[in-house]
Visitor: 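The following block contains the structure, expressed as C-alpha cells.
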Amino acid sequence: MDIKQKFGNNLKRLRLEKGLSQEKLALNADIDRTYIPSIEKGERNVSIVIAEKLAIALNVPISELFKE
C-alpha cells in the first residue's frame, strides 16, 4: 500500500469516527466536495496545505493522517 492509499484510509477512518459525511468534511475543510472521494480512494496526491486543512477540520494532529 502506498502513502496515498494509507492517507486515504486514515482520512476515511477518522471521518467516519467523527460521524462526518464526505460533503460535511469538505465544507469544514473549505475544499471542493468532489475531492474527498478520490483522496479516500488513494487516487490523489494531496498537498501539504490540503492535508493541514483536513486535519484541522477533523480536529486531529496532521500526523494522524499519515499513521501506518
Side-chain angles (χ1 to χ4, degrees):
M1 185 179 308
D2 72 9
I3 188 67
K4 292 185 296 185
Q5 291 170 319
K6 289 176 191 173
F7 185 94
N9 287 342
N10 286 331
L11 177 64
K12 185 173 184 175
R13 176 182 52 79
L14 291 165
R15 177 179 63 76
L16 294 174
E17 285 175 4
K18 303 283 183 174
L20 296 171
S21 67
Q22 291 177 338
E23 187 171 357
K24 182 66 174 170
L25 175 58
L27 181 66
N28 291 350
D30 192 31
I31 61 175
D32 190 278
R33 66 177 177 77
T34 62
Y35 200 41
I36 301 294
S38 59
I39 295 172
E40 288 185 353
K41 291 177 191 171
E43 298 172 347
R44 292 281 187 153
N45 190 13
V46 178
S47 73
I48 194 71
V49 172
I50 296 295
E52 180 184 44
K53 285 182 171 190
L54 291 167
I56 290 168
L58 290 165
N59 196 32
V60 297
I62 197 170
S63 61
E64 284 293 312
L65 293 167
F66 294 97
K67 281 194 169 180
E68 293 291 324

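Quick caveat: nothing in here was measured; it's all calculated off a predicted structure.
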Visitor: Could you tell me which residues satisfy salt bridge (Lys or Arg N to Asp or Glu O under 4.0 Å) with Glu23, sequence neighbours excluded, listed by chain and number?
Guide: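 Checked Glu23 against salt bridge (Lys or Arg N to Asp or Glu O under 4.0 Å); zero matches.
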
Visitor: With a 4.5 Å cut-off on side-chain heavy atoms, are Ile31 and Ile36 touching?
Guide: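 Yes; the side chains approach each other to less than 4.5 Å.
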
Visitor: Applying ring-ring contact (aromatic ring centres under 6.0 Å, His included), which residue pairs with at least one partner in residues 4-41 are found, sequence neighbours left out?
Guide: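 ring-ring contact (aromatic ring centres under 6.0 Å, His included) check on residues 4-41 returns Phe7-Phe66.
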
Visitor: As an exercise, state the distance from CG of Asn28 to CG of Leu58, rounded to the nearest 0.5 Å.
Guide: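 It is 8.5 Å, given to the nearest 0.5 Å.
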
Visitor: Which pairs with one or both residues in residues 43-57 pass side chain to side chain donor-acceptor pair (under 3.5 Å), sequence neighbours excluded?
Guide: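 Passing the test, one end in residues 43-57: Ser38-Arg44.
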
Visitor: Does Val46 reach the side chain of Leu11, with side-chain heavy atoms less than 4.5 Å apart?
Guide: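 No - every pair of side-chain heavy atoms lies 4.5 Å or more apart.
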
Visitor: Please round to the nearest 0.5 Å and tell me the distance separating atom CZ of Arg13 and atom CG of Asn10.
Guide: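 The distance works out to 5.0 Å.
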
Visitor: Are Ile39 and Ile62 linked, directly or through intermediate hydrophobic residues, by side-chain heavy-atom contacts shorter than 4.5 Å (ILVMFWY only)?
Guide: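 Yes, Ile62 connects to Ile39 through the hydrophobic network.
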
Visitor: According to side chain to side chain donor-acceptor pair (under 3.5 Å), does anything in residues 59-68 pair up with another residue at least two apart or in another chain? List the pairs.
Guide: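 Those involving residues 59-68 are Lys6-Glu68, Glu64-Lys67.
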
Visitor: Check Ala51 against Leu65 and note the closest heavy-atom contact, atom names and distance.
Guide: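 Closest pair (atom of Ala51, atom of Leu65, distance): O-CD1, 3.5 Å.
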
Visitor: Heavy atoms only: give me the nearest Pro61-Ala55 pair and the separation to one decimal.
Guide: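 That would be C-CB, 4.3 Å.
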
Visitor: Between Ile3 and Ile48, is there a shared hydrophobic cluster once you connect ILVMFWY residues whose side-chain heavy atoms come closer than 4.5 Å?
Guide: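 Same hydrophobic cluster.
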
Visitor: Say whether Leu54 and Leu27 are linked into one hydrophobic cluster, either directly or through other cluster members, by side-chain heavy-atom distances under 4.5 angstrom.
Guide: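 No, because Leu54 and Leu27 fall into different hydrophobic clusters, even though each may have its own neighbours under 4.5 Å.
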
Visitor: Which pairs pass salt bridge (charged side-chain N to carboxylate O under 4.0 Å, His left out) with one or both residues in residues 24-42, sequence neighbours excluded?
Guide: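 Every pair satisfying salt bridge (charged side-chain N to carboxylate O under 4.0 Å, His left out) with a residue in residues 24-42: Arg15-Glu40.
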
